[in-house]
Amino acid sequence: MDTQNIKQRFGIIGNSPLLNRAIDIASQVAPTDMSVLITGESGSGKEVFSQIIHQMSARKHGSFIAVNCGAIPEGTIDSELFGHEKGSFTGAHEARKGYFEVANGGTIFLDEVAELPLGTQARLLRILESGEYLRVGSSKVQKTDVRIIAATNVDVYNRVKNGKFREDLYYRLNTVPLRIPALQERKEDIYLLFRKFSADFSDKYRSPSLHLEPDAVQILTNYSWPGNVRQLKNIAEQICVLEKDRNVTGPAILNYIPNESGSNLPMAINSQSKEDFTERDILYKVLFDMKKDMVELKKLVAEIIQHGGNTASVLADNPQYINQLYRDVELPGGHEHTFTIQQPTPSNGSNANNSDYYAHDAEEVEESLSLIDKESDLIKKALKKHKGKRKFAAQELGISERTLYRKIKELSL
Ligand SMILES: Nc1ncnc2c1ncn2[C@@H]1O[C@H](COP(=O)(O)OP(=O)(O)O)[C@@H](O)[C@H]1O
Ligand SMILES: [Mg+2]
């Protein structure tokens, strides 16, 4: 299939040399079953390209599963990807198949792959090398035949240098690198894309088609498009729906384009629209920050649940949460935002590398220690009540037997 046909089949718009080159590489690598690492800014078309590769491969009748690695909490990602056995952690009431099992014979698209925790990276490397993996809580080796397409909008090699991403995994994934150019690198495609999107949206909303004046085209072309094709599509939709005058001029289009500081827009921005946008930008930012906080909170809660409700242990393992939690929170008595987590250090010293995160503030040590005291008190009471029978004690405490076992060891009860 030649480039033109591929574009038609997958609805790819654009004709810049960099885009054509990416399509070329994708179609060549598609039938080989090799891993592909797709890099490119957000909204540039990475997911579209992962589809092209899957659809043009021998696996096209198998399943295609897209996983956003950045959106799954660290505590549950292994179980989502590799499945788990019943009872392998608190809340695991049933065994569950992981994506790698479900996608057997097909393709998995790992979006934002740089966000994978190191432990998951190790499991992923094993799958890439041998097709073997273990469900969480099981020691029985499973086999799967899955092609991996990964994507990232950050510099993964930089993560390798910082010890956040395994070098061996990086090379294994990056057998064939595929870079999707940003819109800024293919300005000639911007107007083509806009025309296609605005025609589609005019159809969809049964509105008269739009015509852009030359100065409006100029503005579109010179804008930096940090959100790439996705952003362009959104703006085309907004204009299609909101613009009463179907003959769109430069000043009119400026109402829809976020204003850039140090912008290279050819026109002066009229003060009315500028103000509208500042306000809207602030609102967007507030919403964005709120969403980020929500995701963080969800992650934290998931981790706490997985650790049988042991908040202290989760916070000690993930000190970054502490700052986030106390960033906007006024502590009673107007304390500074330092918070100390003291965990009984296990004798194997597995927490040693976190020690530099601990803020030592004598006043608050008491408080967190008492939490742990309370916990060990409760465990002792539960064990006593059930005459040392761990199963029943764990039930009463609302944690899994495994967690209880771990706690008894940790707290040296
Ligand atoms: N060359 C293109 N032609 C037409 N639509 C595109 C093109 N590239 C991306 N898109 C569209 O832009 C949006 C974002 O693409 P996506 O693949 O999700 O980006 P990414 O995964 O890089 O964030 C999607 O709606 C996709 O269909
Ligand atoms: Mg994406």
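Note that the structure is predicted; figures quoted are calculated from it, not measured.
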Closer than 3.5 angstrom, by distance alone: can the side chain of Arg179 be matched with the main-chain N or O of Leu18 as a donor-acceptor pair? no

Any donor-acceptor N or O pair under 3.5 Å, side chains Lys7, Asn15: yes

With a 4.5 Å limit on heavy-atom distance, are the side chains of Phe201 and Lys233 in contact? yes

Using a strict threshold of under 4.0 Å (side-chain N to carboxylate O), is an ion pair present between Arg230 and Glu47? no

All heavy atoms of Ala236 vs all of Phe197, minimum pair found to be CB-CB, 3.8 Å

Side-chain heavy atoms of Ile13 within contact of Phe194, under 4.5 Å: no

pair Leu81-Leu124: side-chain heavy atoms closer than 4.5 Å: no

Apply side chain to side chain contact (heavy atoms under 4.5 Å, CB included) to the pair Arg166 and Arg172, showing each step before the final yes or no. CA-CA 10 Å; Arg166 293 180 65 113; Arg172 202 71 179 65; over 6 Å; no

From CA spacing to verdict: side chain to side chain contact (heavy atoms under 4.5 Å, CB included), Ile52, Met56: CA-CA 6 Å; Ile52 297 181; Met56 293 182 70; 3.7 Å; yes

Worked check of side chain to side chain contact (heavy atoms under 4.5 Å, CB included) between Tyr191 and Leu212: CA-CA 10 Å; Tyr191 185 40; Leu212 293 196; 3.8 Å; yes

What's the spacing between Ser42 OG and Asn228 CG if we round to 0.5 Å? 7.0 Å

CG of Leu128 to CD1 of Ile148: how many Å apart, nearest 0.5 Å? 4.0 Å

Does the side chain of Trp225 come within less than 4.5 Å of Ile235's, by heavy atoms? yes

Could you work out, with ring-ring contact (aromatic ring centres under 6.0 Å, His included) as the rule, every residue matching Phe89, not counting sequence neighbours? His84

In Lys381, Lys391, His386, the residue satisfying side-chain hydrogen bond (donor to acceptor under 3.5 Å, both in side chains) with Glu396 is His386

CZ of Phe392 to CG of Leu383, rounded to nearest 0.5 Å, is 13.0 Å

Do Leu183 and Tyr223 touch side chain to side chain, with heavy atoms closer than 4.5 Å? no

What distance do Asn20 atom CG and Arg186 atom CZ have between them, rounded to the nearest 0.5 Å? 10.0 Å

Sidechain-backbone polar pair: Gln121 side chain, Lys164 backbone, donor-acceptor under 3.5 Å: yes

So, do Leu178 and Ile53 sit near enough that their side-chain heavy atoms are less than 4.5 Å apart? yes

If you apply the rule side chain to side chain contact (heavy atoms under 4.5 Å, CB included), what do you find for Met1 with Arg9, and how did you get there? CA-CA 10 Å; Met1 213 191 286; Arg9 175 164 166 214; 3.3 Å; yes

Lys187 side chain to Thr221 main-chain N or O, any donor-acceptor pair under 3.5 Å? yes

Nearest atoms (heavy-atom pairs only) where Val248 meets Ala216: O-CB, 3.6 Å

Check: Ile149 main-chain N/O paired with Ser50 side-chain donor or acceptor under 3.5 Å: no

What one should report as the nearest heavy-atom pair of Ser88 and Gly137 is CB-CA, 3.7 Å

Minimal heavy-atom distance between Tyr133 and Phe82, with the atoms involved, is CE1-O, 3.5 Å

Going by an N to O cut-off under 4.0 Å, is there a salt bridge joining Arg126 and Glu132? yes

Just wondering, are more than 12 heavy atoms of other shown residues or ligands nearer than 6.0 Å to CZ in Arg402? no

Say you draw a straight line from NZ of Lys298 to CD of Glu303; how long is it, rounded to the nearest 0.5 Å? 15.0 Å

On a heavy-atom basis, which atom in Ser16 and which in Glu188 lie closest, and how many Å separate them? CB-OE2, 3.2 Å

Which atom names give the shortest non-hydrogen contact between Cys240 and Ser207, and what distance separates them? O-OG, 4.0 Å

Show every side-chain hydrogen bond (donor to acceptor under 3.5 Å, both in side chains) that has at least one partner inside residues 23-39, sequence neighbours left out. Asp33-Arg59

Short question: side chain of Lys46, backbone of Glu41 - any donor-acceptor pair under 3.5 Å? yes

Arg147 side chain reached by His54 side chain, heavy atoms, under 4.5 Å: no

CG on Asp155 to CZ on Phe165, rounded to 0.5 Å: 11.5 Å

Under the 3.5 angstrom rule, does the side chain of Ser130 hit a backbone N or O of Ile127 as a donor-acceptor pair? no

Keeping Arg123 on the side-chain end and Leu134 on the backbone end, is there a donor-acceptor pair under 3.5 Å? yes

Does any part of the side chain of Leu404, heavy atoms only, come nearer than 4.5 Å to the side chain of Ile379, both counted from C-beta? yes

Ignoring hydrogens and angles, tell me if any N or O in the side chain of Asn104 forms a donor-acceptor pair with the backbone of Asp145 under 3.5 Å. yes

Apply salt bridge (charged side-chain N to carboxylate O under 4.0 Å, His left out) to Glu101 and Arg96, showing your working. CA-CA 10 Å; Glu101 189 170 344; Arg96 177 185 183 285; over 6 Å; no

Do the side chains of Arg159 and Glu115 get close enough for a salt bridge, i.e. N-O under 4.0 angstrom? yes

State whether the number of non-hydrogen atoms from other residues, nucleotides or ligands found under 6.0 Å of Arg21 atom CZ is greater than 12. no

Side-chain donor/acceptor of Gln306 to backbone N/O of Gly75, under 3.5 Å: yes

Applying the side-chain contact (heavy atoms from CB on, under 4.5 Å) test to Tyr256, which of Leu220, Leu242, Asn234 qualifies? Leu242

